[in-house]
Each structure stands twice: as structure tokens, then as C-alpha cells.
Amino acid sequence: MGRLFGTDGVRGVAGEDMTCELAMDIGRAAATVLTYGRRRRPLVVLGKDTRLSSDMLGAALSAGLCSVGADVIDLGVVPTPAVAYLVGKYKADAGVMISASHNPYQFNGIKIFGGEGFKLPDALEDQIEALVLDEAAIPLVGGDRLGQITHSTTAVRDYVEHLKATVPYSLDGMKVAVDCANGSASATARLLFEELGADAVLLSETPDGVNINTNCGSTHIGVLQQYVKEKGLDVGFAYDGDADRCIAVDENGNVIDGDLILYVCGKYLKEQGKLKNDTIVTTVMSNLGLYKACDKAGIHYEKTAVGDKYVYENMTQNGHCLGGEQSGHIIFSKHATTGDGILTSLMIMEVLTEKKQTLGTLAGEVKIYPQLLKNVRVADKKTARENPEVQKAVDQVAEALGDEGRILVRESGTEPLIRVMVEAAEDALCEKYVDQVVDVMKAQGLVVE
């Protein structure tokens, strides 16, 4: 078995890779690791998205938690950031979300949060994984020490009230479309936007267990683009299956991804004197155009590995308040410990309300560079990445691009792939330089056809 934990929890095809047995083992191991040395009875909150398999896996994971003496509060269908928030509100020791995020319904996964509401660092994930692979090391309990499961009736309301408390302005008159991806946002978005007074139309908010992320949401944004443009709306927002990411659409139907959201919100916060250290935190996948725009605006930036948990680690270590990923995971540390798609929507609408400018105008200050990413299947990731001829080819491309582009070659966190990404002034240059590196990998016999 390879490493269970990828960049965002454990994930696989439900019933095949992601089995009830594995979920139960992860529950036992997580409770054992996260509550080690604590005298009181452990408490874990558990949320899930709308996938057909989420109830099954949630029940199995809850059983695992109870078998080692942990109590479980089942939150029902809620967004991932709701789990992160409610860990603290309910004074729990840990939180678990059953979701495979933006993946099709056949997939499912498990995301784990510590008692402070943040995703686990790699070291703790490694400890949990070690116990999963050594079942005998997990002590089970019996009798009156077994855990109990209760069901929360207030989780959605508590989370919505938390979000409402972040809004110091009125949404009256704001015309907005919201794509819930037939996922977790379906449980919260309508309630929130209606109570805030927005003139909101909700799309894809009727989950049936198998339609999550199907031609909707942040990874299939075409329907939202067309709707916003045709109806003359101010803005549109699309979430993924567990609503921890947000991709926006401006008044002209143009996509506003995570990089542009970081710029728009970061510049606004800097103007308000609220951007701590005048710095945003990005990942290595952010576009070169974002950095050039930040340079002009006097905004500093830092880069982390891919994964919003690494972004948040950097933010907490260095006192920064805004960070995120191009994919739409945006963290506002004043209000959240993880990416929150609905919160991101509210923060964008604050900027539009206060600056009285359109999203298209605000984001238009960034010139996004063409970007091409190719995934290359290899026999061994480390060998391929460290091959001297491959490194030489990468260096040659970097030198040719200079300040007007960049190349990034990295290993996939979950698959036998090398990801080769090039940004340049023109699409043709991206294609040329990506192929230049891939051809060397092929010539060296590193590629699996």
C-alpha cells in the first residue's frame, strides 16, 4: 500500500480503494493519535458531503471511533469548513469530513482536522497511517467505555451564523448566481444568502447522491458563466463538492480563479491597512501574472507546496492573514482555519460593495500568463525528477524564459506522475518548452507509455 494521505486527506473509489474497513481503521487510528495522553473521553465531530457513499463511510468511521472510546457528533451534510469551525465551537478533540471534494460521485475521501480546526501536518498523518497498517497496535475498548454517536440538529445554523457574523455590510440589491455543485453548499447557501438580503439565484442545489460535481461546480463552470452573462448579474460563485473552494465569475462571464481572488482581496485589504505584513501566501502553482501584479501593488508574497494546509501552516508561522491556491481554496485566517468557498464569496462581495467597482475591473489589473501543465507517467518519480539530463533540460528552459516565464517540475503526491508546467507569454512557447523537457524524459527511458 502506498501513502494513504495525499495533499488533501485520503481519497479513492468508494467500495474499492475507499472501503468501510479502511474508514473504520482510520477512525480508530485517528482517535488514538489525536487524543493520546488526554484523560477525558475524546469527542470527534463528523460531517459529510452528498455522495451516495458518504453515509456508509461515515457510519464505518464513526464505528471505528466509538470502538476506541471516542464519542461522535454527526453533523450531517455540511461544508468542510463547517467541520473545521465546529471543532472549536463544540470543544471537540478532532473533526472528520467525508468527502472527495471536486471528484465525481464514485470517489470519496476522509479529511481530518485537529482540535484547533486545522488540517493535520504530515507528521501526524504519518502516525495515523502507521497505525492503520498495524491494526494490532490499536487498543479497543468495551463495556461502558465504548463511544456513543449523537446527531446535531444545529450544525447548519451554527455555521451559517458564523458566516453572517463576518459580514459588516448589506447585500441588498446584489444580484448573484451561486452554483452549489449539488454538494455540501446545498445545505447552507440558500439559507445564508437569503438571510443576508442578496438577490441570489441558486444553481445545482438538488443533490441525489450521484450528481455531485456533474457538469456543475467549480470544475465545470461554463453553465454559471453563461447564466451570469445572460441575466446581467453582478457576480457568480461556484463551489466544489464540499464547498471549501470557490471560483468566481465576473459580470462579463469571465472566470476569476483563486489567483485573481487573492489579488482582488489582497489589494483591498492592503488599502484598508488590514493585510498583515502586506503579504499573501500562494502555492508554487500560482500564475506568474499574479506575482507581477503584486509587485506593482506593493504586495509581498510567499510560495508553499500545493495544498491549502501548507498555505495555512505558512500563514500561522509568519503571521499572514490571506493565502490560497489557484484552484480556489482561499483562507482568510481572521475567520477560518481552512479554505472556505462560501466565506470567500462574502469577502469578494465586500470588496465590490465597498469599492463600488465591478469584479471584472478589479481583476483586470492582472495579466494572466498562458500556462500549460502536462502529466507524465513514469516508472519512478524520484529517479525521473533527479535525472541529470532532465535537470539540464529544465535549466535550459528556465534560462530561455528568463523573467518572462517559468518552468516547474514536481512529483505528484498521489500518482506515479511527474507534472511539467510552463508559463510563458504565448501558448506556443508553453507547448514548445513543456515538450522539450518531456522529450528528454522519453529519451532517457523514464516514461511509461
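Numbering of residues begins at 1 and proceeds along the displayed sequence.
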Next on the checklist: When you compare the side chain of T166 with that of M347, does any pair of heavy atoms fall below 4.5 Å?
Outcome noted: yes

Item to check | Heavy-atom pair with the smallest gap, counting every atom of L260 and I256 | outcome: CB-CG2, 3.5 Å

Checklist entry - Would a distance-only check, ignoring hydrogens and angles, find a side-chain to backbone donor-acceptor pair under 3.5 Å from D122 to E125? => result no

Item to check | Aromatic plane relationship, Y291 with Y301 - under 30° parallel, 30 to 60° tilted, over 60° perpendicular | outcome: tilted

Next on the checklist: Strictly below 4.0 Å, N to O, side chains only: are R157 and E161 in salt-bridge contact?
Outcome noted: yes

Item to check | Donor-acceptor contact below 3.5 Å, side chain Q106 vs main chain V13 | outcome: no

Checklist entry - Backbone N or O of D250 within a donor-acceptor pair of the N254 side chain at under 3.5 Å? => result no

Item to check | Flag for N277-H320: side-chain donor and acceptor within less than 3.5 Å | outcome: yes

Next on the checklist: If we ignore hydrogens and angles and just use 3.5 Å, is the side chain of N375 paired with the main-chain N or O of I418 as donor and acceptor?
Outcome noted: no

Checklist entry - Should K119 and E313 be marked as a salt bridge (charged side-chain N to carboxylate O under 4.0 Å, His left out) after you check the CA-CA gap, both sets of side-chain angles, and the distance that decides it? => result CA-CA 9 Å; K119 291 180 180 176; E313 286 176 2; over 6 Å; no

Checklist entry - Within the side chain of K381, is there an N or O that forms a donor-acceptor pair under 3.5 Å with the backbone of S412? => result yes

Checklist entry - L202 and C180: side-chain contact (heavy atoms from CB on, under 4.5 Å), yes or no, with the steps? => result CA-CA 7 Å; L202 273 72; C180 297; 3.9 Å; yes

Checklist entry - Stepwise, does the side-chain contact (heavy atoms from CB on, under 4.5 Å) test hold for V201 with Y227? => result CA-CA 10 Å; V201 177; Y227 191 90; 3.3 Å; yes

Checklist entry - Does the side chain of L124 reach to within under 4.5 Å of the side chain of L34, using non-hydrogen atoms? => result yes

Next on the checklist: Can you see whether D49 engages S54 through a side-chain donor-acceptor pair at a distance of less than 3.5 angstrom?
Outcome noted: yes

Checklist entry - Does some side-chain heavy atom of K355 sit less than 4.5 Å from a side-chain heavy atom of L362? => result yes

Next on the checklist: Are the side chains of I73 and Y90 in contact, using a 4.5 Å heavy-atom criterion?
Outcome noted: yes

Checklist entry - Between S53 and N108, does any side-chain donor sit less than 3.5 Å from a side-chain acceptor? => result yes

Next on the checklist: Pair K382, E411 - check salt bridge (charged side-chain N to carboxylate O under 4.0 Å, His left out), show working.
Outcome noted: CA-CA 8 Å; K382 187 173 186 292; E411 300 175 23; over 6 Å; no

Checklist entry - What distance do K164 atom NZ and L192 atom CG have between them, rounded to the nearest 0.5 Å? => result 8.0 Å

Checklist entry - Under 3.5 Å, is there a donor-acceptor pair linking the side chains of T358 and T361? => result yes

Next on the checklist: Run D259 and S286 through side-chain hydrogen bond (donor to acceptor under 3.5 Å, both in side chains) and show every step you take.
Outcome noted: CA-CA 6 Å; D259 283 347; S286 282; 2.8 Å; yes

Checklist entry - Taking C-beta and beyond as the side chain, do I128 and F5 meet within less than 4.5 Å on heavy atoms? => result yes

Item to check | Distance under 6.0 Å and angle within 45° of ring axis: K270 vs Y268 | outcome: no

Checklist entry - NE2/H300 to CG/D295 distance, rounded to the nearest 0.5 angstrom? => result 9.5 Å

Checklist entry - Is E404 salt-bridged to K292, cutoff N-O under 4.0 Å? => result yes

Checklist entry - When you measure from the side chain of N182 to the backbone N and O of T206, does any donor-acceptor pair fall under 3.5 Å? => result yes

Item to check | Check against side-chain contact (heavy atoms from CB on, under 4.5 Å), Q326 and N287 | outcome: CA-CA 8 Å; Q326 188 181 69; N287 193 274; 4.0 Å; yes

Next on the checklist: Please report the interatomic distance CG(L120) to CD(Q127), rounded to the nearest 0.5 Å.
Outcome noted: 10.0 Å

Checklist entry - Is the count of non-hydrogen atoms from other residues, nucleotides or ligands lying under 6.0 Å from K392 atom NZ greater than 12? => result no

Item to check | Any donor-acceptor N or O pair under 3.5 Å, side chains S101, D240 | outcome: yes

Checklist outcome for this item: For H162, the ring-ring contact (aromatic ring centres under 6.0 Å, His included) test, sequence neighbours excluded, returns Y85

Next on the checklist: Looking at every heavy atom in both V440 and E389, which two are closest together, and how far apart are they?
Outcome noted: CG1-O, 3.6 Å

Checklist entry - Shortest non-hydrogen contact from A100 to R51? => result C-NH2, 3.2 Å

Next on the checklist: Less than 3.5 Å apart, any donor N or O on the side chain of Y239 or N213 sitting next to an acceptor on the other?
Outcome noted: no

Item to check | Smallest separation among heavy atoms of D234 and G173, with atom names | outcome: OD2-O, 3.9 Å

Next on the checklist: Given 3.5 Å as the limit, does a donor-acceptor pair link the side chain of D93 with the main chain of L43, or not?
Outcome noted: yes

Checklist entry - Do other residues, nucleotides or ligands put more than 12 heavy atoms under 6.0 Å from D403 CG? => result no

Checklist entry - About how many Å separate OG of S204 and CD1 of I212, when rounded to the nearest 0.5 Å? => result 11.0 Å

Next on the checklist: Looking at every non-hydrogen atom in both residues, tell me the closest pair between D158 and L86 and how far apart they are.
Outcome noted: CB-CD2, 3.9 Å

Next on the checklist: Is it the case that the side chain of D244 and the backbone of G339 share a donor-acceptor pair, with hydrogens and angles ignored and the cut-off at 3.5 Å?
Outcome noted: no

Next on the checklist: Checking V78 against Y159 for the side-chain contact (heavy atoms from CB on, under 4.5 Å) test, could you report, in this order, the C-alpha distance in whole Å, the side-chain angles of both residues, the deciding distance, and whether it holds?
Outcome noted: CA-CA 9 Å; V78 293; Y159 174 61; over 6 Å; no

Checklist entry - Any Lys/Arg nitrogen of D242 or K111 sitting under 4.0 Å from an Asp/Glu carboxylate oxygen of the other? => result yes

Next on the checklist: Does K229 have more than 12 heavy atoms from other residues, nucleotides or ligands lying within 6.0 Å of its NZ?
Outcome noted: no

Item to check | Close side-chain approach of V178 and L203, heavy atoms under 4.5 Å | outcome: no

Item to check | Separation between NZ of K296 and NZ of K367, rounded to the nearest 0.5 Å | outcome: 9.0 Å

Next on the checklist: Strictly distance-based, threshold 3.5 Å: is any side-chain N or O of T337 a donor or acceptor partner for the main-chain N or O of G117?
Outcome noted: yes

Checklist entry - Could you go step by step and tell me if K374 and E431 meet the salt bridge (charged side-chain N to carboxylate O under 4.0 Å, His left out) rule? => result CA-CA 9 Å; K374 286 191 178 181; E431 187 82 34; 3.0 Å; yes

Next on the checklist: Less than 3.5 Å apart, any donor N or O on the side chain of E365 or Y263 sitting next to an acceptor on the other?
Outcome noted: yes

Checklist outcome for this item: Between A425 and Y369 the two heavy atoms that sit nearest each other are N-CD2, 4.1 Å

Next on the checklist: Nearest 0.5 angstrom please: I331 CD1 to T344 OG1, how far?
Outcome noted: 9.0 Å

Next on the checklist: Does this structure show an ion pair linking D308 with R245, if we count only N-O contacts that are shorter than 4.0 Å?
Outcome noted: no

Checklist entry - Should the heavy atoms of other residues, nucleotides or ligands under 6.0 Å from CD of E386 be counted, would the total exceed 12? => result yes

Next on the checklist: Within the 3.5 Å criterion, strictly below it, is a donor on Q371 or E423 matched to an acceptor on the partner's side chain?
Outcome noted: yes

Checklist entry - So, does T383 use its side chain to make a donor-acceptor pair with the main chain of D380 at under 3.5 Å? => result no

Next on the checklist: A quick test of your reading: do over 12 heavy atoms of other residues, nucleotides or ligands sit less than 6.0 Å from CD of Q357?
Outcome noted: yes

Checklist entry - So, do L163 and I342 sit near enough that their side-chain heavy atoms are less than 4.5 Å apart? => result yes

